[in-house]
Amino acid sequence: MKKVAFFETKPYDKESFDRANNGRYDISYFETRLKAPAVPLAEGFDAACAFVNAEIDRAVVEGLVKRGVKILAMRCAGYNNVDFQAANEFGLTVVRVPAYSPYAVAEHAAALLLTLNRHIHKAAARTKDFNFSLVGLTGFDLHGKTAGIVGTGKIGRIFADICKGFGMRVIAYDAFPNPATGLEYVSLDQLLAESDVVSLHCPLVPETHHLINAETLKKVKPGMTLINTSRGGLIDSDALLAALRSGQVGGAGLDVYEEESEWFYEDRSDVTRQNKTLSLLVSMPNVILTSHQAFLTREALSNIAQTTLDNLDAYFAGKPLENEICYHCLKSGGHPKEGCVKRAQGLCQG
Ligand code: NAD
């Protein structure tokens, strides 16, 4: 039986993977995150399974391969934390779960928006204290307002539909607009200028790093609400903090934070030297921060486990890997060109 080293295990991961595994693999569950110091744990394993904040740099890739790991199964959609050049050089195959429940993430974005706008977080805290005052809880109708969707892939399109359900006008920006969505595409500048709500759903790549920064924040509709369920690095957090303080941004619903890997998924309440920007952000009444939990539904966890194990099945059976992230195809901007040997053999679907 093939052995899988499963990193950064939480109780909900073990539950969903044990259910889906059903004796297929010998899975060892480790609590530690996959980064350099954890690599020796992978000695003698055939596969490693890691999550969104793992740090899979060159040394980790080399270390895994030296210890016998042949495939890295990312149990998430994003892959900005993997050194693909190194994976290609050392011959480590990398697979992921491209879609497990885009509904989970889009619905969480909607939850952040409604909570912020209607001050549900404050109202719930007040009534627990038998404070039934409504002062300071005034929101605004979403109906008739404009939602700007940045990134119109699986999640962005579902969030666009949710916004339409509220009776909002929806406009969109995407580096690769897709006419089949039927969405009204505009430039990023126009989107920022016209949107009452901006929701980020594009990947974190060099071109989108700090897409929301001091300059772009000057272009937004004053008082707008910003929602980010994609990746923290899309926003310059210090610039956002300044815009929240000046009122240029009226509220922010954040499921991700650019330096989240040090904090998220763990109880860090005992740490006294906290991250200053993060502390200031969470202290603001018009900011809601969740700990990268947009994916966390029963349906998504079940799909993540099933697809991860199916990816491993395909690899060990020598079948084409539907969910491989191919270095050659990545390098050609996501559009496969020459140079991908596996593609020529029908093994890469990049
Ligand atoms: P997707 O690949 O289906 O869609 C991404 C969209 O972004 C595509 O339409 C693409 O053309 C567009 N895009 C690419 N580069 C761009 C650029 N430079 N500027 C503007 N748009 C660009 O991805 P998805 O499944 O919709 O996921 C979107 C993002 O959500 C992921 O990249 C991931 O980071 C994040 N995510 C977060 C969670 C969570 O729990 N918070 C869970 C899953 C995914």
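Remember, it's 1-based here, ligands and their atoms both numbered in the order they're listed. Throughout, residue positions are numbered sequentially from 1 according to the sequence presented. Owing to the predicted nature of the structure, the values given are computational and were not obtained by experimental measurement.
Ordered by chain and residue number, the residues placing a heavy atom less than 4.0 Å from ligand 1 are Tyr100, Val105, Gly151, Thr152, Gly153, Lys154, Ile155, Tyr173, Asp174, Ala175, Phe176, His201, Cys202, Pro203, Thr208, Thr229, Ser230, Arg231, Asp255, His292, Ala294, Phe295.
Put simply, the side chain of Thr208 gets close to the backbone of Val205: a donor and an acceptor are under 3.5 Å apart.
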Sequence neighbours left out, cut at 3.5 Å: what donor-acceptor pairs do the side chains of residues 157-166 make with other protein atoms?
unit_1, atom_1, unit_2, atom_2, d
Arg157, NH1, Thr152, O, 3.1

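Comment: Glu31 does not engage Lys10 in a salt bridge, judged by the lack of any side-chain N to carboxylate O separation of less than 4.0 angstrom.
Taking the six-membered ring for Trp and the full ring otherwise, Phe17 and Tyr29 have centroids separated by 6.0 Å or more. Residues Tyr79 and Phe84 place their aromatic rings such that the two centres sit under 6.0 Å apart.
Atom CZ of Arg118 has 12 or fewer neighbouring heavy atoms from other residues, nucleotides or ligands inside a 6.0 Å radius.
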